[in-house]
Amino acid sequence: MSRQGSPRVNKGTIKTAKRLLGYVTSTYKVQFVVVIFCILISSIASISVSLSLRFLLDDYIIPLIGQQDPDYTELYMALTVLGTIFLCGVIATFVYSRLMVTIGQGVLKRVRDEMFEHMQKLPIRYFDQNTNGSIMSLYTNDTDTLRQMINQSIPQVLMSVLTIIVTFISMLVLSPLLTILAVLMIALMFFVSRFITGNSGKYFIRQQIDLADVTGFVEECMNGQKVVKVFNHETISEKEFDELNERLFESASKAHTFASIMGPVVGNMGNILFVLTAVFGGFLSVAGIGNITLGVMASYLQFTKSFTQPFMQIAQQFNSIIMALAGAERIFGLMDEEPEVDDGYVTLVNAKKDADGKITECKERTGLWAWKHPHQADGTVTYRELKGDVRFYNMTFGYTPDHMVLHDLTLYAKPGQKVAFVGSTGAGKTTITNLINRFYDVADGKIRYDDININKIKKADLRRSLGIVLQDTHLFTGTIMENIRYGKLDATDEEVYSAARLAHADGFIQMLPNGYDTQLTGDGEELSQGQRQLLAIARAAIADPPVLILDEATSSIDTRTENIVQKGMDNLMKGRTVFVIAHRLSTIRNSDAIMVLEHGRIIERGTHEDLLKLKGTYYQLYTGKLELS
């Protein structure tokens with residue numbers, strides 16, 4: 001919503017409200033019916049106070065005045081009935097309050113479950129286009145507004161609406177003439193409250209936007225505190241924060257100002273209605289019009305108080321409902337995002353070979369993998385050994401249709417070969433690896449994996465055959481052993497140790513107080529960047545994939561550590577097809593092929609020696625005459 005927007009009930013809002021209500025009725029239909037029934041009982045019990053005044057005064061109290069020996073039996077019975085009604089109202093209020101807590105938490109649990117489940121199916125494109133903070137706010141701020149609406153606003157509005165209906169009917173029965181005056185005052189009250197809630201709702205939404213800006217700025221400064229101090233940016237940061245905080249102050253002040261005057265305005269209008277009713281009712285009573293007795297006047301005056309109160313309560317809940325529905329729209333926006341399309345049908349299976357070299361599928365792990373390829377034309381199934389042969393044919397790709405990143409790219413990597421990509425930032429190096437993983441699909445051309453079009457391979461099986469080590473390492477909360485085992489969840493402890501030794505991570509792990517059982521938090525902030533990178537390499541090693549992608553895998557490691565890691569990397573790369581992206585050209589000298597990219601095109605290709613002889617771009621990069629940007 002734009003900063004200038006104001007809350008309006010449009011078709012989209014109504015659709016969101018119906019969809020949200022569907023979560024309540026579909027999961028807790030019986031409980032919700034009980035809630036409505038209990039709210040009705042509670043409403044009737046609450047207005048019975050006003051209605052009882054007429055009967056108590058006209059039928060029981062006034063007739064007893066002046067009697068020599070009054071009999072209070074009927075009065076006591078009436079009070080007993082009234083007390084029973086009150087008790088039922090108290091029980092009904094307790095029941096619906098407890099049920100709404102259960103319904104509210106249950107609906108939120110279901111919403112969060114569905115959000116997270118659907119999020120796992122979304123393509124990488126969605127996460128590239130939305131920040132982590134905006135996605136996280138769906139699980140925190142937006143779901144919290146739903147909780148407040150379901151637990152508080154919905155029962156309060158239902159209670160208020162039913163109270164208004166029952167009260168209006170009672171007022172109409174008591175005196176149709178006085179009800180006309182009440183209707184005119186309520187109409188005026190409605191327009192006034194609509195104006196106030198319209199403004200308060202607008203500023204409440206601005207307040208949420210400004211609060212998000214302040215929170216985001218504080219989080220950004222906390223994460224970059226070292227940079228702030230190094231560049232003496234404290235004063236400027238403080239000034240920027242003051243500006244954001246001032247905006248939040250203004251929007252919050254206006255929001256709460258309008259919200260605060262709602263009660264006094266509506267309350268005083270109710271008092272005016274009370275006075276007008278008393279004057280008009282007294283006139284009618286003296287004039288003998290409308291059969292207005294003392295009991296009728298007492299009950300009706302009480303009704304004028306209880307009739308205006310629900311309108312004020314509904315107006316107070318309006319802002320909460322608007323903000324909750326806005327949050328629900330964002331939540332449903334995530335749920336309505338198109339999931340990642342996977343029309344592949346070729347799967348990866350455990351296999352074994354017989355004496356004749358024929359491949360057959362088996363359940364147990366054999367160390368041999370094969371592509372299971374069902375042929376739709378004749379219904380036959382063939383098996384092809386997973387070797388790691390990757391080939392690009394005339395491939396063109398762009399993240400948007402009007403901006404192509406790769407142009408007519410053709411290359412191949414035979415099983416066991418090491419292919420390196422070199423080029424400046426934006427040349428398309430990482431994009432190539434994203435296409436191998438099918439994070440994105442090519443616009444034109446094709447990629448074949450073991451002579452199978454990767455569009456035919458199920459994405460989960462394709463990615464299971466690939467190992468990847470990224471420049472930005474992510475470690476999960478848990479032990480070091482659990483983080484390494486993330487690459488192969490059923491790996492034994494010995495396999496974890498072997499992978500760590502292969503990546504040369506075992507040495508520093510053994511020096512930690514709890515070794516492999518050391519608990520990591522905050523993305524492994526207890527470790528250095530180089531140590532985190534070593535764990536990422538160990539995680540890839542334990543997966544034991546036939547194809548390995550190294551995207552600046554050693555960029556965060558110092559030169560001395562890099563020499564150690566490179567030996568482990570060489571062991572890891574033996575017998576595998578490897579794609580390497582590197583700025584340090586010293587790490588790719590032993591590559592079977594080096595591709596020099598520029599603006600999405602391969603301008604040079606060959607071995608290290610071949611490219612040096614060309615004395616082109618690679619030669620200039622290697623000799624330092626040209627630097628990678």
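Side chains are part of it too, since the values below use all heavy atoms of this structure and drop only hydrogens, waters and symmetry mates. What you see is a predicted model; the values in this text were computed from it and never measured.
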Taking the side chain as C-beta and beyond, is there a heavy-atom pair between F32 and L21 under 4.5 Å?
-> yes
Distance in Å, N455 CG paired with D342 CG, rounded so as to fall on 0.5 Å steps = 10.0 Å
Is the number of heavy atoms from other residues, nucleotides or ligands under 6.0 Å of E526 CD greater than 12?
-> yes
Which heavy atom in N483 sits nearest to a heavy atom in R539, and how many Å separate them?
-> O-CD, 3.0 Å
Taking every non-hydrogen atom, the tightest pair across T163 and P310 | CG2-CG, 3.8 Å
Does CZ belonging to R98 count more than 12 external heavy atoms closer than 6.0 Å?
-> no
Is there a donor-acceptor pair closer than 3.5 Å between any side-chain N or O of R112 and the backbone N or O of Y139?
-> no
Within 6.0 Å of CZ in F37, more than 12 heavy atoms from elsewhere | no
Return yes if some donor-acceptor pair links the side-chain N/O of E114 with the main-chain N/O of V111 below 3.5 Å, else return no.
-> no
side-chain contact (heavy atoms from CB on, under 4.5 Å) evaluation trace for Y96 with I41 | CA-CA 10 Å; Y96 86 69; I41 293 176; over 6 Å; no
Evaluate the side-chain proximity of I124 to N437: yes if any heavy-atom separation is below 4.5 Å, no if none is.
-> no
Show the numbers, then the answer: is there a side-chain contact (heavy atoms from CB on, under 4.5 Å) between D242 and E246?
-> CA-CA 6 Å; D242 288 343; E246 180 66 25; over 6 Å; no
Sorted by chain and residue number, the side-chain contact (heavy atoms from CB on, under 4.5 Å) partners of V214 (sequence neighbours excluded) come out as V218, F241, L244, L248
Pair R147 + D142: basic N to acidic O under 4.0 Å = no
So I331 and L146, side-chain contact (heavy atoms from CB on, under 4.5 Å) or not? Walk me through it.
-> CA-CA 10 Å; I331 289 173; L146 292 187; 3.6 Å; yes
Looking at T93 and S42, what are the two nearest heavy atoms and their distance?
-> OG1-OG, 2.9 Å
Side-chain contact test, heavy atoms from C-beta onward, threshold under 4.5 Å: evaluate it for Y516 versus T479 and give yes or no.
-> no
Any donor-acceptor pair under 3.5 Å from R247 side chain to D210 backbone | no
What do the steps show when you test T477 against T521 for side chain to side chain donor-acceptor pair (under 3.5 Å), and what is the final call?
-> CA-CA 5 Å; T477 298; T521 58; over 6 Å; no
Looking only at heavy atoms, what is the nearest atom pair of A92 and C38, with distance?
-> CB-O, 3.3 Å
So R463 and I468, side-chain contact (heavy atoms from CB on, under 4.5 Å) or not? Walk me through it.
-> CA-CA 9 Å; R463 292 163 187 169; I468 186 166; over 6 Å; no
Apply ring pair (Phe, Tyr, Trp, His ring centres under 6.0 Å) to F116 and H118, showing your working.
-> CA-CA 5 Å; F116 194 81; H118 186 74; over 10 Å; no
Considering non-hydrogen atoms only, spot the tightest contact between M159 and S43 and give its length.
-> SD-OG, 3.4 Å
So, do I321 and I154 sit near enough that their side-chain heavy atoms are less than 4.5 Å apart?
-> no
Quick one: closest heavy-atom pair of G104 and N151, and the distance?
-> CA-OD1, 3.3 Å
Is there a donor-acceptor pair closer than 3.5 Å between any side-chain N or O of T257 and the backbone N or O of S253?
-> yes
Results of side chain to side chain donor-acceptor pair (under 3.5 Å) for D517 - residues two or more places apart only = none
Flag the pair L40 / I36 as yes when at least one side-chain heavy-atom distance between them is below 4.5 Å, and no otherwise.
-> no
F332 vs T16 side-chain heavy atoms within contact, under 4.5 Å = yes
For Y486, look at atom OH and say whether over 12 heavy atoms of other residues, nucleotides or ligands are found less than 6.0 Å away.
-> no
Spacing of OG1 belonging to T27 relative to NZ belonging to K109, to within rounding of 0.5 Å | 10.5 Å
Roughly how far apart are R485 CZ and I480 CD1, rounded to 0.5 Å?
-> 13.0 Å
Spacing of T518 atom OG1 and L527 atom CG [to the nearest 0.5 Å] = 8.0 Å
Only one of Q120, K121, R125, K459 passes side-chain hydrogen bond (donor to acceptor under 3.5 Å, both in side chains) with E340; say which it is.
-> K459
d(M100 CE, Q156 CD) to nearest 0.5 Å is 11.5 Å
Reported CG-to-CZ distance for the pair L138 and R330, which is rounded to 0.5 angstrom = 7.5 Å
Is the shortest side-chain N to carboxylate O distance from D113 to R110 below 4.0 Å?
-> no
Between the main-chain N or O of T140 and the side-chain N or O of T143, is there a donor-acceptor pair closer than 3.5 Å?
-> yes
Decide yes or no for S153 and Q148: does some side-chain heavy atom of the first lie under 4.5 Å from some side-chain heavy atom of the second?
-> no
So does M335 have more than 12 non-hydrogen atoms from other groups sitting under 6.0 Å from CE?
-> yes
F476 versus L520: any side-chain heavy-atom pair under 4.5 Å?
-> no
Please answer whether the main-chain N or O of T347 pairs with a side-chain N or O of D461 as donor and acceptor at a distance below 3.5 Å.
-> no
Taking atom OH of Y399 as the centre, report whether more than 12 heavy atoms of other residues, nucleotides or ligands fall under 6.0 Å from it.
-> yes
